[in-house]
Amino acid sequence: MYVEQVFSRLKELYPNGYFHANRDPFYLLISTVLSQRTRDEVTIPATQDLFEVFGTVQELAGADVDEVRELIRNVGFYRVKSHRIIDISRMILQDYGGVVPNSIDELLKLPGVGRKTANCVLGYGYEQDVIAVDTHVHRISNRMGLVDTSEPDETEKELEKVVSKQDWKDINGLMVLFGQNVCRPVSPKCGGCIMNDICPKII
DNA sequence: AAAACGGGGGC
DNA sequence: GCCCCAGTTTT
């Protein structure tokens, strides 16, 4: 009951969920890698700039590292990421016929791709029932008492037990928005929060 | 289990 | 100037 209320209210608060303009698996994969440990105000324009120059697997696979590095210069960890997204593109081109793989095991073989990034691609790009756990999902799930875990991987498994499957792929987008705007890491805006009457308010 | 990677934005 | 951020890899 509690969990149903939480997601009912999140969906009411963010009826469009997280807005992904482009759900192409390759675009999602690269943009999600770029977004790691980087705010979206920085990531979104950088991703747009990148794809205006190198918009396909083939083009990014053959791209010059220095040119890619310049295009994503504002993104956190841009030096290592510029190499990784080119290597990812080359692997997809050579090992997967230019098509982003649609299984967790294959995605995890790509450099710079962990469970969070892989599950974002599988959920948003391939419509699979998976839960992408980032710092927002991990923090909010524990703060609100949906789970009691110390590691993101545990959170993923525990959420699978508690949340109805149809909501799995939307958990990340909803909690990211909620985590950025209300249930922030530090000084959450509990006053006026729509969860006020049901949240254990551990903070 | 902890360190390292890292520039940008908020305060 | 200090702290934090849509994680993953390496030690």
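In this text the structure is predicted, and so the values were computed from the model without any measurement. So you know, we letter chains A, B, ... as the sequences are listed, proteins then strands, and number each from 1.
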Atom pair distance, as rounded to whole Å: CG in A/Leu29 and C1' in C/dG7: 14 Å
At 4.0 Å (heavy atoms only), tell me whether A/Gly76 reaches a base, stays on the sugar-phosphate, or touches nothing. base
Give a yes/no answer on whether the side chain of A/Ser31 brings an N or O atom under 4.0 Å of OP1 or OP2 in C/dA6. no
Is there a side-chain contact between A/Phe7 and A/Ile171 in this structure, where contact means two heavy atoms from C-beta onward sitting under 4.5 Å apart? yes
Gap in Å between the two P atoms, one belonging to C/dA6 and one to B/dC11, rounded: 14 Å
Identify whether any heavy atom of A/Val113 sits under 4.0 Å from a base atom; if not, whether one sits that close to sugar-phosphate; answer base, sugar-phosphate or nothing. sugar-phosphate
With rounding to whole Å, what would you report as the distance between C/dT11 and B/dG6 at their P atoms? 14 Å
Phosphate OP1/OP2 of C/dC4: any A/Arg184 side-chain N/O under 4.0 Å: no
Is any side-chain heavy atom of A/Lys189 closer than 4.5 Å to one of A/Arg184? yes
A/Arg37 side chain, from C-beta outward: closest of B/dG7, B/dG8, C/dC5: C/dC5
Respond yes when some side-chain nitrogen or oxygen of A/Thr38 is under 4.0 Å from OP1 or OP2 of B/dG8, and no when none is. no
In terms of the nearest nucleotide of DNA chain C, which residue is placed more toward the 5' end: A/Val186 or A/Arg84? A/Val186
Is A/Ser35 close to A/Thr32 at the side-chain level, that is, under 4.5 Å between some pair of heavy atoms? yes
Would you measure the distance from the P atom in C/dG1 across to the matching atom in B/dC5 and give it in whole Å? 22 Å
In this structure, how many angstroms lie between the P atom of B/dG9 and the CD1 atom of A/Ile44, rounded? 13 Å
DNA chain B: A/Arg39 or A/Phe77, which has the more 5' nearest nucleotide? A/Phe77
Between A/Asn22 (side chain) and A/Leu28 (backbone), is there a donor-acceptor pair under 3.5 Å? no
Nearest whole angstrom, please: distance from the C1' of C/dC4 to the NE2 of A/His136. 11 Å
Salt-bridge criterion met for A/Lys157 and A/Glu154 (N-O under 4.0 Å): no
Rounded to whole angstrom units, what separation is found between the CG atom of A/Leu107 and the P atom of C/dT9? 12 Å
In dot-bracket, 5' to 3', how would DNA chain B read with Watson-Crick or G-U wobble pairs under 3.5 Å, [ ] for crossing ones and | for pairs to another strand? |||||.|||||
Would A/Arg23 and A/Glu127 pass as an ion pair if we require N to O under 4.0 Å? yes
Just the rounded figure in Å: distance from P of B/dA4 to CZ of A/Arg79. 17 Å
For atom CG of A/Asp153 and atom P of C/dG7, their distance in whole Å: 14 Å
Comparing A/Glu151 and A/Gln36 on DNA chain B - which has the more 5′ nearest nucleotide: A/Glu151
Taking all atoms of both residues into account, what is the closest heavy-atom pair of A/Val137 and A/Thr155, and its distance? O-CG2, 4.4 Å
A/Glu156 CD to C/dA6 C1', straight-line distance once rounded to whole Å: 15 Å
Check whether any side-chain N or O of A/Asn74 sits under 4.0 Å from OP1 or OP2 of B/dG8, and answer yes or no. yes
note: A/Phe178, atom CZ; C/dA6, atom C1'; distance rounded to Å ~ 17 Å
How would you list, by chain and number, every residue that makes a side-chain hydrogen bond (donor to acceptor under 3.5 Å, both in side chains) with A/Glu67, sequence neighbours excluded? none
What does A/Thr43 touch in the nucleic acid at a heavy-atom separation under 4.0 angstrom: a base, only the sugar-phosphate, or nothing? nothing
